Amino acid sequence: MYDPHAVQDRWLPVWDRLDLNRAGVRAGAEKKYVVDMFSYPSGDLHMGHAEAFGIGDVIARYWMRRGYDVLHPVGWDSFGLPAENAAIKRGENPAAWTYANIDIQAEAFKRYGVSFDWSSRLHTSDPEYYRWTQWLFLRFRERGLAYRKKSAVNWCPQDQTVLANEQVVGGRCERCGAEVTRRELTQWYFKITDYADRLLDDMQQLEGSWPSKVLLMQKNWIGRSKGAHVDFDVSGRTVTVFTTRPDTLYGATFFVVAADAALADELCAPEQRAAFDTYREQVRKLSDIDRQSTDREKTGVDLGVTATNPLTGEQMPVYAADYVLADYGTGAIMAVPAHDQRDLDFALRFGLPVRVVVETGEPDPAVSGVATTGDGVLVNSGPYDGLRKTAAIERVVADLEQRGGGKGAINYRLRDWLLSRQRFWGAPIPVVHCPACGEVAVPDDQLPVRLPSDMKGEELQPKGQSPLASNRTWVEVPCPSCGGPAERDTDTMDTFVDSSWYFLRYCSPHYEDGPFDPEAVRQWMPAAQYVGGVEHAILHLLYSRFFTKVLKDMGLVDFDEPFTALLNQGQVILDGSAMSKSKGNMVQLGDELASYGVDAVRLTMLFAGPPEDDVDWADVSPTGSVKYLARVLRLATDVAELSGPARDAAVDKVVAKTVDECTRLVEGHRLNVAIARFMELTSALRKAVDAGAAGPASLRDGVEALATMLSCYAPYAAEEVWSRLGHDVDSGDSVHASLWPSAAPALLVDETVTCVVQVAGKVRERLEVSPDIAEDELRALALASEGVVRALAGAGIRTVVVRAPKLVNVVPA
RNA sequence: GCCCCCGUAGCCCAACUGGCAGCGGCAGGCGACUUAAAAUCGCCACAGGUGUGGGUUCGAGUCCCACCGGGGGCACCA
């Protein structure tokens, strides 16, 4: 009889006492740092946590069993909006809700058997933590990497705060789904664009150990394009455009400026003023979602001025249009309708000329309506006629650089990271605004700038500016520089700032002389394994990489990349779709744990499929897992009764092979397949016991090996097995202190292997041969074999393929 | 629209560098134990060939091309 709850209740307190997961205590052992993306304390743990932390736990425990000194820390990403919204609703301070939830989750993590080192525990909303978030902000600012600027920003009307580009998904707020609007505001930014090249180029180091999908997403997000800046003269003023196709300069027939850019306003001729103002109003009313919809008809307005082509001197009309983006490139383009679809659409709509300058062999765009973008030979391009595209690009850029009027340039899609938020529950930006001194950093020795602890409920209601602004006693401070009356910056930092360095803090969570102890970081970082959801493919992972690179430039760390390997676990879904409260298809983790126990739920998650794949809870069988664990426990009980030193070679062999294979499987994160091997081993040992239990010593060793391997997946049941085998867990002889079994190489080689002999690809014979049989010998053996002779039936032989010792393929003439 | 990943049994999924398609489980069937049932144990692969059609190869689930289906990312990025 297997009672999972009794087993849990027995071992959890013992483990608490034994404190087996503490890092840094295995003297001389090689270090491994396994990080799970930390949790947001939104409530109790759910199925997604069970999946993600289950995977991380197998990896961490595996390395512990292999004898490494493993750091597997725990923490909470505890600043953020939900706490604030809950506080407003309940008339509380966000801290109350946050820390209550953290306690709930902490208990749940312990019960779930996650091998955390609890001494590493941190919360980003603790002043001891955000002190250093603020400190880092100031260091970034000193390096010119944190700055304020006024520009059109994404504004979420629901959450009443600005959002980073990365937090706008399909024109909507990533958090609440509200349609994002634009506002002109002065905000703080991190200059992540300075690191665009390194963020891109260093991905080489991650190739193979990060999912290629994530690398690709980051690459696309950074969006490096190579091209040129070209200067056009517009009414005596130089206006630069970015183009990836300088070779098509002779094909430019008009010029477009983003309608919402200041430039359009400045260039507009008086006689077009009225038309332009009307158009601009129209554009501003459009939401981003409407604006970005793909097959919208092109709109625009003539600005009544002309631009001069720097190569040809040709005059071309200048338009304002909303298909040109104000914040990409220079906000202005040269339009080449023959070779760019958007320009062509615009030209056809406004009756502008279409001039082919690259002959690609495709139909005339003016007639077909399809721009030609491929390679070809230049025409209608004066001195460049006859050149191919690539050569022409080089020549045009060289000529522009020599004569003035342009130069080669790289442009990025990536924008600077907007980090200020008009919300309460975050790290205050440690800056004071002084009427006399301007922007003044809060001195390091005055950090942290603490959040007021007495604000609650209605006072936190967002009103378009930070709730902190209304707290005058908090806002009004003497200027750190001149001592005169000044005001604190009332914005708080994006919570992604907090999470961009927590993995560094984990290495020395109580360090007081800096954000982290450089020596501790040198020992543990970069993290050997990072585990978390793919929803952070861009946001968190890009930001963390950026932080790491800045810290390297500051001399605080000596590596470029924070996470050597990344594993993205799948989601837990139900009946093919994501669980959600609104759909009413939630599976409650608590219910599952109550029904099947921790081990069975963990095993079920991990057995369902590869860790990267989604787990459909409708397709899996926690009951099956319970049955399996019960089987293992019965086996342990039966084997425990056996005694004697006799061994059984067949059992030893099965155990060795399973161990060998499982080692490779877990190492390669093929966690589900390893469970299949555990099951096979369990059946094999069961059969051996039922057959009369020859070799009790072998059986005992087999069950011990199984317990150790299983301990990574089903920690409670494994401990129970270990205990039944006679280990004194209470005195510290825990399965979680045991070492991963090793497989004697001698047991892994077979005396004979089965060689498959094919004739014309069909299996005609099987031969038992020595594993190191020579090719010639095997060929002769195969050709002489009865099955082959029969299959050939006297036909000649064209060729014989021999792959000793496993296969021979005889190809008849 | 562009880019990426995935299609193996009723279902979830295995198959090392191309080399016997099926390891493990769910569901199902048969049997043992039982007065009976549950639990337990044992046994059974059902696809005429790995979504479809081509190609490369002695040999393709695996490599290449096209298409179909599912999932994901980006989306007026000049």
Side-chain angles (χ1 to χ4, degrees), chain A residues 1 169-171 211-221 223-225 227-228 230 241-245 248 256 258 291-296 298 321-325 327-336 339-343 345-346 411-415 534 537-538 570 576 603-604 607-610 612-625 627-628 630-631 634 661 664-665 668 670 672-683 686-687 690 754-766 797-803 806-812:
Chain A
M1 180 59 192
V169 180
S212 49
K213 181 185 167 185
V214 172
L215 295 177
L216 188 69
M217 281 166 72
Q218 293 210 358
K219 186 173 171 234
N220 291 338
W221 187 262
R224 176 159 65 189
S225 5
V230 184
V241 303
F242 175 74
T243 177
T244 54
R245 294 292 304 276
T248 61
V256 188
R291 190 176 162 173
Q292 284 168 2
S293 85
T294 327
D295 31 42
R296 237 178 82 238
K298 293 278 179 291
D322 66 358
Y323 83 92
V324 172
L325 305 174
D327 55 0
Y328 181 79
T330 61
I333 62 155
M334 65 175 207
V336 185
H339 306 298
D340 182 284
Q341 190 60 47
R342 296 152 302 181
D343 296 345
D345 293 343
F346 192 88
N411 201 57
Y412 302 90
R413 211 189 79 107
L414 182 71
R415 314 287 155 79
V534 73
I538 295 170
L603 204 61
T604 304
F607 188 45
E612 302 82 4
D613 287 9
D614 287 350
V615 177
D616 195 326
W617 204 247
D619 291 335
V620 297
S621 168
T623 314
S625 302
K627 284 184 188 170
Y628 169 69
R631 216 165 117 80
R634 278 197 305 276
E661 213 180 336
R664 273 180 283 124
L665 288 168
R670 315 256 312 282
N672 54 324
V673 187
I675 296 176
R677 296 294 99 84
F678 297 163
M679 290 173 167
E680 277 183 280
L681 177 60
T682 308
S683 295
R686 178 82 249 166
K687 273 183 186 154
D690 290 346
T754 305
C755 176
V756 172
V757 185
Q758 303 175 327
V759 177
K762 285 204 169 86
V763 181
R764 297 298 189 187
E765 186 75 65
R766 282 163 213 275
I797 293 168
R798 179 142 61 101
T799 177
V800 181
V801 181
V802 183
R803 291 283 176 275
K806 306 207 63 151
L807 179 124
V808 177
N809 188 12
V810 182
V811 185

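Convention: sequence-line order gives letters A, B, ...; per-chain numbering from 1. If you're wondering where the values come from, they're calculated on a predicted model, not measured in any experiment.
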*Asks:* Tell me whether the side-chain N or O atoms of Arg766(A) pair up with the base of C20(B) as donor and acceptor below 3.5 Å, since no angle test is needed here.
*Replies:*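 Looking at the base of C20(B), it does pair with a donor or acceptor on the side chain of Arg766(A) (distance under 3.5 Å).
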*Asks:* Would you check, one step at a time, whether the test side chain to side chain contact (heavy atoms under 4.5 Å, CB included) holds for Ile675(A) with Met679(A)?
*Replies:* CA-CA 6 Å; Ile675(A) 296 176; Met679(A) 290 173 167; 4.0 Å; yes
*Asks:* G61(B) and G72(B): how far apart are their C1' atoms, nearest whole angstrom?
*Replies:*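 Straight-line distance between the two C1' atoms is 23 Å.
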*Asks:* For nucleotides 53-62 of chain B, print each protein N/O atom paired with a nucleotide N/O atom at under 3.5 Å, atom names and distance only.
*Replies:*
| unit_1 | atom_1 | unit_2 | atom_2 | d |
| --- | --- | --- | --- | --- |
| C58(B) | O2 | Asn809(A) | ND2 | 2.5 |

*Asks:* Measuring to OP1 and OP2 of G24(B), would you say a side-chain N or O of Asn672(A) lies under 4.0 angstrom away?
*Replies:*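 Looking at the OP1 and OP2 atoms of G24(B), neither is under 4.0 Å from any side-chain N or O of Asn672(A).
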*Asks:* When the P atoms of C63(B) and A47(B) are considered, how many whole Å apart are they?
*Replies:*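 Between the two P atoms, the distance is 27 Å.
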*Asks:* Under a 4.0 Å N-O cut-off, is there an ion pair linking Glu661(A) with Arg664(A)?
*Replies:*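 Arg664(A) and Glu661(A): not salt-bridged.
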*Asks:* Take atom CG of Asp345(A) and atom C1' of C76(B), then tell me their distance rounded to the nearest Å.
*Replies:*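 Distance check: Asp345(A) CG to C76(B) C1' gives 9 Å.
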*Asks:* Give the rounded distance in Å between these two atoms: CD of Gln341(A) and P of C76(B).
*Replies:*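 Those two atoms, CD and P, are 15 Å apart.
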*Asks:* What's the CG-C1' distance between Asp614(A) and G7(B), to the nearest Å?
*Replies:*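 In whole Å, G7(B) C1' lies 15 Å from Asp614(A) CG.
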*Asks:* How far apart are the C-alpha atoms of Asp343(A) and Ile333(A), what are their side-chain angles, what is the distance that settles it, and do they pass the side chain to side chain contact (heavy atoms under 4.5 Å, CB included) test?
*Replies:* CA-CA 10 Å; Asp343(A) 296 345; Ile333(A) 62 155; 3.4 Å; yes
*Asks:* Any side-chain donor-acceptor pair under 3.5 Å between Ser683(A) and Arg631(A)?
*Replies:*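 Yes, side-chain donor-acceptor contact under 3.5 Å.
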*Asks:* Can you check whether any acceptor in the base of C20(B) is under 3.5 Å from a donor in the side chain of Lys806(A), or vice versa?
*Replies:*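 Result: no qualifying N/O pair found.
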*Asks:* Specify the separation, in whole Å, of atom CG of Asp619(A) and atom P of G10(B).
*Replies:*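 One finds 15 Å between P of G10(B) and CG of Asp619(A), rounded.
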*Asks:* Using heavy-atom distances to pick each residue's nearest nucleotide on RNA chain B, tell me which of Arg677(A) and Asp613(A) is more 5'.
*Replies:*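 Looking at the nearest nucleotide for each, Asp613(A) comes out on the 5' side.
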*Asks:* Can you figure out which of G25(B), C23(B), A78(B) approaches the side chain of Thr244(A) most closely?
*Replies:*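 Between G25(B), C23(B), A78(B), the one nearest the side chain of Thr244(A) would be A78(B).
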*Asks:* Please give, in whole Å, the distance from C74(B) P to Tyr412(A) OH?
*Replies:*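 It is 21 Å, rounded to the nearest whole Å.
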*Asks:* Given Phe607(A) and Tyr628(A), is the side chain to side chain contact (heavy atoms under 4.5 Å, CB included) satisfied, shown in steps?
*Replies:* CA-CA 12 Å; Phe607(A) 188 45; Tyr628(A) 169 69; over 6 Å; no
*Asks:* In the 5'-to-3' direction, what one-character label does each nucleotide of nucleotides 39-46 of chain B receive under the scheme B = base within less than 4.0 Å of a protein heavy atom, S = sugar-phosphate only, - = no such atom?
*Replies:* -SSSS---
*Asks:* Between Lys298(A) and Tyr323(A), is NZ or CZ placed under 6.0 angstrom from the six-membered ring centre and within 45° of the ring axis?
*Replies:*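 Verdict for Tyr323(A): a cation-pi partner in Lys298(A).
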*Asks:* Side chain of Ile538(A): nearest nucleotide among C76(B), C74(B), G72(B)?
*Replies:*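 Minimum distance to the Ile538(A) side chain belongs to C74(B).
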*Asks:* From C-beta outward on Phe242(A), which listed nucleotide comes closest to its side chain: G25(B), C3(B), A78(B)?
*Replies:*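 Comparing G25(B), C3(B), A78(B) against the side chain of Phe242(A), the answer is A78(B).
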*Asks:* Pro610(A) or Ser212(A): which one's nearest nucleotide on RNA chain B is closer to the 5' end?
*Replies:*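 Checking each residue's closest nucleotide, the 5'-ward one belongs to Ser212(A).
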*Asks:* Between C13(B), C20(B), G25(B), which nucleotide gets closest to the side-chain atoms of Val763(A)?
*Replies:*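 Selected nucleotide: C20(B).
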*Asks:* Paired with C30(B) by Watson-Crick or G-U wobble geometry, both distances under 3.5 Å: which nucleotide is it?
*Replies:*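 Result: G42(B).
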